[in-house]
Amino acid sequence: MSVSQATARLIAPPRLSRRLRAILASAGAVLLSLVVGGLLIVIAGGDPLSAYRSLLDGALGTPYGIGQVLVLAIPLVIIGLGLALAFRGRVYNIGAEGQLFMGALASGVVAILLPVGFGPLLIGLAILAGVVAGAGWGAIVGLLRAHWGVNEVITSLLLNFVAILIFTYVVRRPLRAPGSPDLQGRAIQPEAALPALPDLAVHIGLFLALALVPLAAYVMARTPFGFRVRMLGFNAEAARTAGVRSGRMVVGLMLISGGLAGLAGALQILGVAERLDPGISQGYGFTAIVVALLGRLNAVGVLLAALFIALLQSGGQAMSVIEGVPYAIVLAIPGVFVVFLLIADRLARSY
Amino acid sequence: GDDDDGGGGGGGQAGGGQDKVKTAIVLPCATSDPWCKQGYDAAKALQKQGAIDLKVTTNAPQDTAGVTRVLAQYAQSGTQLILAHSTWQDAAFAVAKQFPDVDIASYAFELRDNVAILEEPIYQAAYLAGMLAGGLTESNTIGGSAGQDVPLCHAELEAFEDGAKRTNKQVKMIDAYIGDWNDSAKGKQATQAQIDQGADVVIACGGGPATGMAQAIKEANISGFGYVGDMSSQAPKNMVGSVLYNLGPYFKAAVTDVKDDTFRPAKRYEFGLADGGVSLQLNDGYSVKEIPANVMDQMEKVQDQIKSGEFKVPYEAGA
Amino acid sequence: MELSVSMKAIVKRFGRVQALAGVDFDLRPGEIHALLGENGAGKTTLMNTLYGMLPPDEGTIAIGGREMQFRSPQDAIAEGVGMVHQHFMLVPTLTVAENAVLGERGGPLLRKRDLAAVSERLAELAARYGLDLDPGARVWQLSVGEQQRVEVLRALYKGARILILDEPTATLTPLETERLFPKLRTLAAEGASIVFITHHLEDVISWADRITVLRRGERVGTLRPSESSAGELARMMVGRDVRLMQVVAGERSVSGTKEAPREAPVLSIEGINADGDRGTPALRDVSFSVAPGEILAIAGVEGNGQPELEEVLFGLRAPESGRVSLDGSDVTGTDPADRLRLGLGLVPSNRYRRGVIRELTVAENLVLDRVGEPPFGSELRMNRREMAKQAEELIRRFSIQVSGPDQLAGTLSGGNAQRLVLARVLSRELRCLVAAQPTRGLDVGAIEFVWEQLAAARDRGLAIVLLSTDLDEVLSMADRCCVIYRGRLVAHWTREELDRERVGLAMGGAKEPAVAAPAVASREI
Amino acid sequence: MDWSEIFGPDALVVLLSTSVAFAMPTALAAVGETVAERAGVLNLGLEGMLLSGALASFLVAYYVGSVALGTLAGVAIGIALGALMAFLSVTLKTEQIINGIAIVLVAQGITAFTFEKLFGGGEQPTVAGIPDVNVPLLHSIPGVGPVLFEQNVLFYVSVAIALGVCLLLTRTRFGLSVSAVGESPAAAEAMAVSVARTRWLALLVGGAMAGLGGAVLVLGQLNVFEEDVSGGRGWIAIALVIFGRWNPLFVLGGAFLFGFTDALQIRVQAVSGGIASTVPTEIFGALPYAVTLVVMVAATVWAGRDAQPAALGVPFRKGVGA
Ligand SMILES: Nc1ncnc2c1ncn2[C@@H]1O[C@H](COP(=O)(O)OP(=O)(O)OP(=O)(O)O)[C@@H](O)[C@H]1O
Ligand SMILES: Nc1ncnc2c1ncn2[C@@H]1O[C@H](COP(=O)(O)OP(=O)(O)OP(=O)(O)O)[C@@H](O)[C@H]1O
Ligand SMILES: [Mg+2]
Ligand SMILES: [Mg+2]
């Protein structure tokens with residue numbers, strides 16, 4: 001049994017009736033997790049119905065609220081796409097968080113220090129720096145696995161800690177924001193800030209994220225590269241025998257997923273924090289793993305999953321504010337949801 | 001931990017209840033954490049006095065975008081004043097720009113028209129603690145551990161050392177930065193390492209380091225100082241006292257400014273030792289050893305000098 | 001006399017596939033009973049129901065006259081049923097003794113001392129039935145023949161009175177096969193009942209007391225060897241006449257060797273040394289070369305370096321030293337992608353591990369190594385239409401039994417999967433083909449097809465290296481033949497010198513000074 | 001700087017004894033994870049199990065006042081989460097990586113919620129610590145004595161259990177089944193070893209160990225609970241299993257090595273005093289991760305990958321052959 005049947009099932013193209021069952025399963029899972037979430041709300045002393053109303057209201061009730069959902073969804077989509085591709089090839093990159101921080105760092109350094117007065121050029125360079133840094137950080141993992149077979153789950157995981165420490169050092173020492181009492185880096189040059197859409201208050205990285213979805217879908221489904229990735233994921237030995245250079249593919253997948261995580265980091269710096277700030281992410285790189293898997297390693301699926309998780313978190317925050325229930329409930333609901341989705345999904349497949 | 005007072009966000013009567021400022025406090029941790037408890041208690045006190053309508057968010061997200069959403073949600077639902085009780089400048093600015101009607105106070109380092117700065121001059125109290133430490137130490141070695149080497153902590157540890165040197169020229173101080181604000185186990189380990197190096201009076205900066213420190217001094221039966229809140233319950237016999245950060249004056253000033261329409265242009269709120277914003281609270285149960293009377297006198301004298309403005313504790317923020 | 005096993009009207013379905021459609025089967029004490037049938041006929045499934053691995057959907061099983069409802073192998077083992085599986089069911093990282101203890105009920109502790117007692121008991125059994133083995137050896141260190149002995153020994157250790165062997169001889173040398181059956185006979189003489197599944201009709205004729213033939217999940221009949229012949233059995237299995245191996249071989253020898261032009265070698269290797277998976281030497285100083293229009297067979301028994309040789313030839317394993325050349329240029333350090341481009345093809349020995357990707361469709365599998373190449377598109381886009389066209393064509397040409405090009409390759413039977421691999425490999429422009437165990441596990445009909453394809457390719461001028469453990473295959477196909485033993489090429493014959501006895505002995509390690517010629521290279525061209 | 005203050009005999013004893021104690025939660029979780037992975041299940045939910053174990057043990061110790069019951073509660077909640085992981089991964093056969101991450105998410109949310117619900121607004125609650133016990137005679141052995149035999153009771157219990165689990169893997173029928181199921185489940189099933197049952201049990205053991213680790217962290221070391229008190233120890237534990245090449249004793253050793261480098265970097269900071277201002281503290285912080293990484297890469301390069309259970313991460317489906 002060289003190939004995980006579970007992954008195989010995730011990657012295999014679903015048939016129509018199955019799709020219907022999958023939708024029903026997802027609906028069932030949503031319902032169940034809402035029930036459990038409601039139970040928690042009751043324990044906390046709230047009213048579940050009005051809480052859920054305020055969840056939707058807070059997330060989607062105003063353009064600004066919608067914008068906030070999108071701001072959160074952008075990095076999740078971008079990282080999720082890269083991870084989906086890598087996971088298809090059974091390259092388990094758990095290091096997106098670190099790659100995000102390395103991308104953010106490089107892009108921030110460029111956006112702070114590079115004396116380029118022309119905004120679009122500066123932005124372009126900063127983004128490029130982010131992508132390259134994220135990709136480079138990912139490539140370490142890829143090279144170690146390709147050359148010596150070092151388990152990528154662990155190297156990528158450990159490198160997260162190291163990346164965050166490097167980032168911390170830079171914002172604490174050389175590029176500290178003058179006057180800040182805490183860990184905060186300097187603000188980027190105003191020219192480097194990404195323009196935002198009016199009302200929604202979403203930076204234009206949104207369009208980049210949206211453009212990446214069809215691109216990723218195309219790469220996965222229509223190009224020989226995407227096909228080779230699937231070959232590698234299903235049966236690495238057979239892929240190698242059929243002329244797929246697995247070492248290069250592993251490094252390539254780490255470059256791509258790392259580069260996309262780096263891109264997400266760059267956008268967080270240029271579009272959200274507008275400074276080097278550890279607050280650009282709270283585990284987005286991990287949440288994106290859930291996004292990639294919930295989205296069934298499929299580009300459109302990743303988009304939907306990212307929007308859903310973002311809606312849940314953003315709306316959850318609104319709910320906790322409006323209803324006065326502890327925010328910690330909101331932390332628990334995505335996990336509960338994922339558990340139920342797994343169960344429902346599995347049951348839908350067997351009946 | 002929910003504390004919407006009565007009607008909450010929905011029941012905003014136009015004009016009538018103007019005297020109560022609609023206030024929200026957003027806390028980065030649970031209210032049992034000393035840092036968050038200090039903020040929470042101060043806000044609750046104002047609520048009890050009838051000065052404000054209060055809403056509370058605990059365990060707020062740590063990412064800027066996440067905090068922004070929470071603050072925005074309050075701004076949107078008619079809150080007048082948001083007490084953003086962490087270093088949330090960027091989120092505060094973003095929300096302040098989007099919702100120009102709301103007033104925000106946070107640990108910022110730049111001002112905006114509707115974003116005020118909260119200062120935390122805890123180093124002043126740490127200086128006094130240091131003076132006692134200088135008198136208490138027998139090994140002439142004291143220790144300080146902090147989450148990160150940031151100005152807030154750096155200044156606190158430096159002041160502690162300066163204070164100790166004032167009462168005891170031979171004192172040597174050991175610092176450790178554990179690289180994590182929340183990991184109490186590491187905090188405990190850091191303090192233990194200092195104890196092994198001979199430290200017998202210690203202080204900490206940050207929730208994790210402070211909690212860990214409290215456990216370490218209890219086990220080793222040495223002396224220490226609590227951080228931000230009154231931590232004497234965590235090591236009743238070993239806490240000489242705690243350097244307290246009292247948010248009462250801060251919040252009161254901000255609320256009054258909002259009520260009187262004087263909040264803008266927003267200002268820097270700083271209440272030091274003289275104004276009751278920080279203080280050294282001694283612990284009656286402390287029993288590791290007798291605090292030498294002359295050291296106590298000296299400390300109280302300096303405390304008066306600070307209050308009267310005669311002496312200014314040097315602020316050393318580090319590199 | 002009480003039957004030791006009586007299975008009645010056994011039905012087993014896998015989803016829509018009906019693997020067994022009401023099969024009766026019985027087994028007498030002291031008999032050796034052969035079970036015959038094409039690939040996919042249901043032989044393994046039938047025995048798995050007897051062993052408690054699969055519950056039958058319908059039908060009854062009685063052991064010694066008592067009806068049984070096995071819910072797991074545990075139940076079957078308790079009733080004295082033992083099974084030696086087609087794919088060995090041994091844990092490679094454990095020792096022989098540990099494998100024997102596995103699944104045994106008993107106290108929670110398993111101390112060194114307990115294992116020692118087990119080893120002792122195993123050694124006793126081994127001595128009694130002539131199955132010499134070291135109970136302390138780890139299974140991955142053992143040759144395939146030894147592993148099989150472990151399986152048999154384990155079944156005996158667990159007290160088996162009814163022993164099922166699923167294709168026990170598929171991977172054994174003729175010598176090992178010849179040693180196995182007398183041991184089974186001894187067991188049977190002591191009252192045990194033995195079922196063995198095989199595709200080798202001669203084994204059946206020479207060793208079975210009774211023969212049951214299955215076809216498509218149904219029993220065609222049960223007969224005695226004396227009432228039957230190889231041709232008759234083959235017809236029963238397939239449902240039509242089959243040209244037997246000798247026929248194919250004969251034809252080939254007419255069109256093949258005699259006039260085959262002797263050109264410069266396409267593929268040659270010199271002084272190859274390579275390590276196996278566990279770092280032990282697997283190939284030692286191996287040299288040979290093969291010219292266009294000839295089949296060089298490398299015969300050998302499993303565990304003697306054939307898989308490693310296959311991998312070295314195709315760039316899947318880096319040799320420690322030595323040189324591989326293709327058309328005169330050194331390709332030693334290149335990977336399979338490069339070698340494919342240079343016109344080298346591989347029919348891998350493990351078709352599911354290396355040959356097909358089960359989760360992809362038949363059409364996709366047919367162009368695995370050519371996606372992105374014209375006419376199947378470019379690096380920017382795959383041309384699905386061309387792929388489908390190619391699939392239709394190959395499915396027709398190679399008679400692959402599928403419902404359509406979009407069927408998943410994982411659902412193909414073994415014979416069809418092998419046709420798929422051949423179709424893909426042979427549809428490329430090739431200079432040289434490495435065919436490793438191309439007919440392993442296939443039924444006679446499928447074997448016939450594969451041999452024809454290989455012979456045709458050779459006649460088109462391909463240089464072919466045939467790695468095989470199957471003596472019949474080697475004798476039928478080879479223009480020249482070497483034997484690999486313990487990682488060395490130990491003999492070399494031309495077609496005219498080939499002789500069943502000689503090759504068989506050499507595969508088993510017997511010295512044959514008259515013919516063995518170490519200077520292989522000098523004899524070529 | 002005076003290196004004898006770190007590596008001198010006395011200093012070293014202190015250093016070792018603290019690092020052994022502080023490494024214990026990670027070590028327990030890692031040994032438990034070894035069992036699960038040896039059985040073929042990659043349990044990424046460890047961090048959540050540690051955290052839940054920490055909270056449960058704290059609550060029981062706080063309200064009931066018994067460290068022993070608290071410890072049992074930590075173990076119990078670990079087992080419960082292990083059962084959830086087993087239900088998802090073994091019974092339903094859903095993707096193991098996602099199961100684990102989901103468990104971490106649930107645990108983080110629920111523990112934070114529960115703790116805030118119970119203690120929000122009050123003083124930070126603490127529980128009584130456990131005193132150190134000097135094992136008679138043994139603790140006076142020079143060197144080893146003070147390191148291993150002047151610790152609290154929970155420490156001794158932990159050591160016993162960790163070693164017990166090592167023996168469980170190497171000296172019992174269950175351990176043999178675990179290895180078989182992780183290496184070739186089809187063969188195990190053919191020999192009447194139930195793959196599902198064995199993996200379930202292995203995950204229960206893994207969960208119990210992680211829960212115990214959480215209890216040791218809170219009851220044996222901190223005496224307080226905080227949000228995210230596990231602080232990434234679960235993730236490190238997973239890394240340590242691979243680092244230790246699925247050999248429970250190596251894993252245990254790896255955990256202590258990690259703990260040692262961590263203690264060492266803090267110690268170097270403490271001893272050097274001033275060094276902290278010239279050398280970035282982050283370099284010290286990165287030390288344990290860097291050491292783990294380097295040793296792991298070296299071990300893989302040197303010894304290859306074969307130690308990994310062949311079926312790790314692969315759900316077993318009866319009747320679907322290799
Ligand atoms: N686990 C399974 N799931 C689905 N189908 C199966 C399964 N096992 C066997 N089959 C199908 O049942 C039929 C009988 O298979 P079986 O393995 O018993 O054949 P066999 O006679 O042993 O063939 P071979 O000679 O190739 O070993 C085949 O069509 C096969 O594809
Ligand atoms: N297309 C197929 N190819 C091979 N085997 C199949 C196929 N369809 C079904 N099977 C086999 O048929 C049996 C029943 O299938 P199903 O998917 O319902 O079971 P399962 O998921 O293994 O069930 P459980 O979760 O209870 O173990 C399984 O043993 C499965 O291996
Ligand atoms: Mg079969
Ligand atoms: Mg079979």
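By convention in this document, chain letters (A, B, ...) are assigned in the order of the sequence lines, proteins followed by strands, and residues within each chain are numbered from 1.
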Trainee: At a heavy-atom distance under 4.5 Å, which candidate from Ser180(A), Gly58(A), Gly179(A) has the highest pair count against chain B?
Mentor: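 It is Ser180(A).
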
Trainee: Given that the side chain runs from C-beta out, which part of Gln184(A) has a heavy atom under 4.5 Å from chain B: side chain, backbone, both or neither?
Mentor: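 It is the side chain, since no backbone atom gets that close.
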
Trainee: Under 4.5 Å heavy-atom distance to chain B, tell me which part of Asp199(A) shows up: side chain, backbone, both or neither.
Mentor: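 Just its backbone gets close to chain B.
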
Trainee: Where does Thr57(B) contact chain A at under 4.5 Å (heavy atoms): side chain, backbone, both or neither?
Mentor: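 For Thr57(B), the contact with chain A is made by the side chain alone.
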
Trainee: Pro178(A) versus chain B, heavy atoms under 4.5 Å apart: side chain, backbone, both or neither?
Mentor: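 Answer is backbone: N, CA, C or O of Pro178(A) sit under 4.5 Å from chain B.
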
Trainee: Report which part of Asp182(A) has an atom under 4.5 Å of a heavy atom belonging to chain B: side chain, backbone, both, or neither.
Mentor: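 Both parts, backbone and side chain.
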
Trainee: Can the ring centroids of Tyr227(B) and Trp35(B) be said to lie less than 6.0 angstrom from one another?
Mentor: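 No - the distance between ring centres of Tyr227(B) and Trp35(B) does not fall below the 6.0 Å cut-off.
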
Trainee: Side chain, backbone, both or neither: which part of Gln98(B) has a heavy atom under 4.5 Å from chain A?
Mentor: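 Contact with chain A involves the side chain of Gln98(B) alone.
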
Trainee: Check each atom of Ser281(A) against the heavy atoms of chain B and say whether the ones under 4.5 Å are side chain, backbone, both or neither.
Mentor: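 Just the backbone, heavy atoms under 4.5 Å.
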
Trainee: Below 4.5 Å, heavy-atom pairs only: which of Leu152(B), Thr87(B), Asp63(B), Val150(B) has the largest tally toward chain A?
Mentor: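 Answer, by heavy-atom pair count under 4.5 Å with chain A: Asp63(B).
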
Trainee: Side chains of His85(B) and Tyr107(B): donor-acceptor distance under 3.5 Å anywhere?
Mentor: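 There is such a pair between these side chains.
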
Trainee: Hey, would you say the Phe101(A) and Phe167(A) ring centroids sit under 6.0 Å apart?
Mentor: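 Distance test on ring centres: under 6.0 Å, yes.
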
Trainee: Scan side-chain atoms only and decide if Gln47(B) and Lys44(B) contain a donor-acceptor pair under the 3.5 Å cut-off.
Mentor: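 Indeed, the side chains of Gln47(B) and Lys44(B) share at least one donor-acceptor pair under 3.5 Å.
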
Trainee: Taking the six-membered ring for Trp, are the ring centroids of Phe271(B) and Tyr245(B) within less than 6.0 Å of each other?
Mentor: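 That pair fails the under 6.0 Å test.
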
Trainee: Report all side-chain donor-acceptor pairs from residues 61-72 of chain A shorter than 3.5 Å, counting only partners two or more places apart or in another chain.
Mentor:
| unit_1 | atom_1 | unit_2 | atom_2 | d |
| --- | --- | --- | --- | --- |
| Thr62(A) | OG1 | Gly65(A) | N | 2.8 |
| Thr62(A) | OG1 | Gln76(B) | NE2 | 2.7 |
| Tyr64(A) | OH | Gln68(A) | NE2 | 3.4 |

Trainee: With sequence neighbours left out, what residues match Tyr74(B) under ring-ring contact (aromatic ring centres under 6.0 Å, His included)?
Mentor: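 Partners of Tyr74(B) under the ring-ring contact (aromatic ring centres under 6.0 Å, His included) test: none.
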
